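Source: prediction; values computed, not measured. These values consider heavy atoms only, across backbone and side chains, with no hydrogens, waters or symmetry-generated copies.
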Amino acid sequence: MLGLAALAGGLFWMTSPSRSAERVARDFLQAVIDGNRSEARTFLSDDLRKADEARSSIEPWKVQLDTRVTIENAAVDGGRATVKASLERDSYHLRPVLTLEQTGSGSWKIVQIGGLEEDPSWTRDRDIRRNEALADDISKALDVPLESPPGF
């Protein structure tokens, strides 16, 4: 009986709203890292997907080798969720914040992406590491402007 309760609890955790939003955010970021634009689009709201399709003539996304994705926090408030993630490659860090909304069918779609500020440790070496800039690549891929950290 205790085993069934643990299994039920585990299944609830895996299908809970925050876990589902977290999974969508992780899968989206992994698709971006893998350079898989068509897969990434499946996680976007209709508005973001249509905007990206309108830019379909831009060059393909680059594969971001050796990039680690960590979900730091997922919070759900009704049909809206905020997922904070960390992407790391070498000593470069990026901390995107994804806002998701739940559709009528219960699935989650990304409606906004923020937190693409440049890592200050990277900006010191900007000229040398320009081609390795994860934030720059993701910003171009998603057509989201880079935000400057306060004080820059």
Side-chain angles (χ1 to χ4, degrees), residues 5-123 132-152:
L7 178 61
L11 288 174
F12 173 76
W13 179 81
M14 289 175 28
T15 59
S16 71
S18 62
R19 179 71 179 139
S20 297
E22 177 183 324
R23 188 175 331 117
V24 166
R26 180 186 307 279
D27 291 349
F28 168 76
L29 292 170
Q30 192 61 55
V32 172
I33 289 166
D34 293 343
N36 189 340
R37 183 180 214 133
S38 61
E39 170 99 14
R41 281 180 178 163
T42 65
F43 302 106
L44 298 176
S45 67
D46 288 343
D47 290 342
L48 288 181
R49 184 184 43 76
K50 288 175 186 174
D52 186 63
E53 288 171 351
R55 293 185 307 273
S56 64
S57 62
I58 64 173
E59 64 187 48
W61 291 354
K62 297 176 186 174
V63 175
Q64 304 294 331
L65 297 175
D66 301 321
T67 301
R68 185 177 43 169
V69 177
T70 305
I71 301 299
E72 295 179 346
N73 184 305
V76 174
D77 185 12
R80 196 164 176 91
T82 303
V83 178
K84 296 179 182 179
S86 173
L87 283 74
E88 182 179 351
R89 183 176 67 202
D90 299 326
S91 62
Y92 183 76
H93 298 272
L94 179 64
R95 290 189 170 76
V97 178
L98 296 90
T99 303
L100 299 89
E101 289 183 355
Q102 202 165 28
T103 66
S105 67
S107 65
W108 291 97
K109 294 291 181 176
I110 297 166
V111 296
Q112 185 177 7
I113 301 168
L116 294 179
E117 299 90 2
E118 296 175 85
D119 183 342
S121 66
W122 175 75
T123 58
E132 295 180 5
L134 180 58
D136 190 47
D137 291 341
I138 290 178
S139 172
K140 287 177 186 173
L142 301 175
D143 197 28
V144 177
L146 287 173
E147 301 166 5
S148 296
F152 280 88

| request: Test side-chain contact (heavy atoms from CB on, under 4.5 Å) on Val83 and Arg26 and set out the steps. | output: CA-CA 9 Å; Val83 178; Arg26 180 186 307 279; over 6 Å; no
| note | CZ of Arg68 to CD of Glu88, rounded to nearest 0.5 Å, is 4.0 Å
| query | At their closest point, which heavy atom of Ala31 faces which heavy atom of Ala40, and how far apart are they? | reply | CB-N, 3.6 Å
| Taking 4.0 angstrom as the limit, do Glu53 and Lys50 come out as a salt bridge? | no
| message | Applying salt bridge (charged side-chain N to carboxylate O under 4.0 Å, His left out) to Asp52 and Arg49, what does each step give before you reach the verdict? | response | CA-CA 5 Å; Asp52 186 63; Arg49 184 184 43 76; over 6 Å; no
| message | I'd like to know if the side chain of Lys109 reaches the main chain of Thr42, judged simply by a donor and an acceptor atom lying under 3.5 Å from each other, with no hydrogens or angles considered. | response | yes
| task | Please report the shortest heavy-atom distance between Arg80 and Val111, naming the atom on each side. | result | NH1-CG2, 4.2 Å
| task | Among Leu87, Leu94, Ile110, find the one that has a side-chain contact (heavy atoms from CB on, under 4.5 Å) with Leu29. | result | Leu87
| message | Tell me the closest heavy-atom pair linking Gly78 and Trp108, and the distance in Å. | response | O-CH2, 4.0 Å
| remark: Residues Asn73 and Ala75: closest non-hydrogen pair is OD1-N, 3.6 Å
| request: Compare every heavy atom of Val97 with every heavy atom of Lys84, then report the nearest pair and how far apart it is. | output: CG-CG2, 4.1 Å
| message | Which heavy atom of Phe43 sits nearest to which heavy atom of Phe28, and what is that distance? | response | CD1-CA, 3.7 Å
| field | Rounded distance (nearest 0.5 Å) linking atom CD1 of Ile113 with atom CG of Leu44 | value | 6.5 Å
